[in-house]
*Asks:* 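Below you'll find the structure I mean.
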Amino acid sequence: MPELPEVETTRRGIEPWIVGREITGWSLRQPRLRWPVVFPERLRGERIVRVLRRAKYLLLETTSGALIVHLGMSGSLRLMPLDSVAGRHDHVDIQFDHERVLRLTDPRRFGSIHYCEGDWRTHWLIKDLGVEPLGPEFNGGFLWRVAKGRRVAVKQLLMDARVVVGVGNIYANESLFLAGIRPRLAAGRIGLLRCTALAGAVRDVLERAILVGGTTLRDFVGGTGAPGHFRPSLNVYGRADQPCYQCGTQLKGIRIGQRATVYCPKCQR
DNA sequence: ATAGTCACCTGAGCGC
DNA sequence: TGCGCTCAGGTGACTA
């Protein structure tokens with residue numbers, strides 16, 4: 001599932017192919033994604049200036065605006081040969097002034113594409129997002145301040161995009177394991193020291209995942225079509241009832257806010 | 001303001 | 001072989 005490392009992997013994969021290129025056309029085979037996909041006619045002839053990432057959104061900045069792409073849960077964005085046959089879940093192609101098309105494949109159709117004219121930072125999907133977990137403002141002090149007085153489970157706070165972005169279920173589980181914190185613990189009851197450990201763990205797990213191209217559980221592939229290799233590094237995610245690698249205790253599987261949660265009852269307090 | 005729940009969508013995996 | 005069920009999950013929208 002595309003979380004931040006997968007989106008970043010995609011960004012790095014497609015960037016060299018499309019920067020400086022002109023959008024010459026598109027095919028919308030299935031415009032019914034999370035929100036209806038509408039490409040204005042004026043997009044034709046726009047040139048890609050930069051490819052950025054904000055949270056789990058990819059920003060394809062053009063001369064006068066940006067395409068805002070979200071991969072949802074099952075989406076991938078890849079460069080394909082112009083003549084490659086589109087499959088059942090290949091919903092959108094964007095054509096450039098070369099022999100490749102940028103293709104959005106998304107079986108579950110939770111992804112989205114918007115064209116935003118002008119500054120994408122003011123777009124309604126982007127403007128209320130929290131801090132970047134790899135940015136300088138995300139640290140123990142920040143976590144401690146936003147957690148103050150909150151009774152919500154720390155795992156839910158970590159996954160709240162208005163607080164910090166890009167931490168989905170996999171990496172939330174893994175970060176809490178690394179920091180030795182129980183997922184269900186009320187966020188406001190965690191001290192500054194442990195908040196610092198947690199912020200560090202989030203950063204660490206995300207950075208390591210980016211280095212190996214993200215986590216491929218089923219069908220994620222990066223911009224160049226390669227799967228990610230972080231899966232063997234997972235300590236708890238998907239391992240309920242199996243022994244903890246660190247102490248051998250049986251890992252516990254619970255649900256927090258409808259989300260599968262796994263932790264070690266001995267290593268995490 | 002905060003917390004909890006639901007909907008959207010499809011494919012995989014399972015029991016029968 | 002196939003049916004029906006459950007699960008997975010990001011996130012906006014809704015309710016209490």
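By convention in this document, chain letters (A, B, ...) are assigned in the order of the sequence lines, proteins followed by strands, and residues within each chain are numbered from 1.
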*Asks:* For B:dA3, does either OP1 or OP2 sit under 4.0 Å from a side-chain N or O belonging to A:Gln156?
*Replies:* no

*Asks:* Nearest to the side chain of A:Arg150, heavy atoms from C-beta on, is which of B:dT2, C:dG10, C:dA8?
*Replies:* B:dT2

*Asks:* Relative to each other, are the rings of A:Trp35 and A:His114 parallel, tilted or perpendicular (30° and 60° limits)?
*Replies:* tilted

*Asks:* Hey, which of these two, A:Ala153 or A:Asp106, hits DNA chain B nearer its 5' end, going by closest nucleotide?
*Replies:* A:Ala153

*Asks:* Any sub-3.5 Å donor-acceptor pair from A:Gln268's side-chain atoms to A:Gly180's backbone N or O?
*Replies:* no

*Asks:* Checking all strands, does A:Arg259 fall into the base, sugar-phosphate, or nothing category for heavy-atom contacts under 4.0 angstrom?
*Replies:* base

*Asks:* What integer distance in Å separates A:His114:NE2 from C:dT11:C1'?
*Replies:* 13 Å

*Asks:* Output the single nucleotide from B:dG4, C:dG10, C:dG12 whose closest atom is nearest the side chain of A:Val152.
*Replies:* B:dG4

*Asks:* In whole angstroms, how far is the P atom of B:dT5 from the CD1 atom of A:Ile256?
*Replies:* 13 Å

*Asks:* What is the separation between atom CE on A:Met159 and atom C1' on B:dT2, rounded to the nearest whole Å?
*Replies:* 18 Å

*Asks:* From B:dC9, C:dA8, B:dC6, pick the nucleotide closest to the side chain of A:Ala260?
*Replies:* C:dA8

*Asks:* Looking only at side-chain N and O atoms, does A:Arg108 come under 4.0 Å of OP1 or OP2 in C:dG10?
*Replies:* no

*Asks:* Taking CG from A:Leu33 and P from C:dT11, how many angstroms apart are they, rounded to a whole number?
*Replies:* 15 Å

*Asks:* Would you call A:Lys252 and A:Asp241 a salt bridge, taking side-chain N to carboxylate O under 4.0 Å as the test?
*Replies:* no

*Asks:* Which nucleotide in the list C:dG12, C:dT11, B:dG4 gets nearest to the side chain of A:Lys56?
*Replies:* C:dT11

*Asks:* Atom CZ of A:Arg151 and atom P of B:dA3: how far apart are they, to the nearest Å?
*Replies:* 9 Å

*Asks:* Is the distance from OP1 or OP2 of B:dG11 to the nearest side-chain N or O of A:Arg109 less than 4.0 Å?
*Replies:* no

*Asks:* Whether A:His89 contacts B:dC9 is assessed here as follows: a side-chain N or O lying under 4.0 Å from the phosphate OP1 or OP2. Is that the case?
*Replies:* no

*Asks:* Counting side-chain heavy atoms from CB outward, which of C:dG10, B:dT10, C:dG12 is closest to A:Arg88?
*Replies:* B:dT10

*Asks:* Evaluate side chain to side chain contact (heavy atoms under 4.5 Å, CB included) for A:Arg162 paired with A:Leu129, printing each intermediate quantity in order.
*Replies:* CA-CA 5 Å; A:Arg162 290 164 305 181; A:Leu129 291 172; over 6 Å; no

*Asks:* Within the 4.0 Å heavy-atom criterion, would you say A:Arg162 contacts the bases, only the backbone, or no part of the nucleic acid?
*Replies:* nothing

*Asks:* Can you check the A:Gln30 CD to B:dC8 P distance for me, whole Å?
*Replies:* 15 Å

*Asks:* On a heavy-atom basis, which atom in A:Arg47 and which in A:Asp97 lie closest, and how many Å separate them?
*Replies:* NH1-OD2, 4.0 Å

*Asks:* Taking atom P of B:dG4 as reference, at what distance in whole Å does atom NZ of A:Lys155 sit?
*Replies:* 13 Å

*Asks:* Please work out if A:Arg34 contacts a base, only the sugar-phosphate, or nothing of the nucleic acid, heavy-atom cut-off 4.0 Å.
*Replies:* base

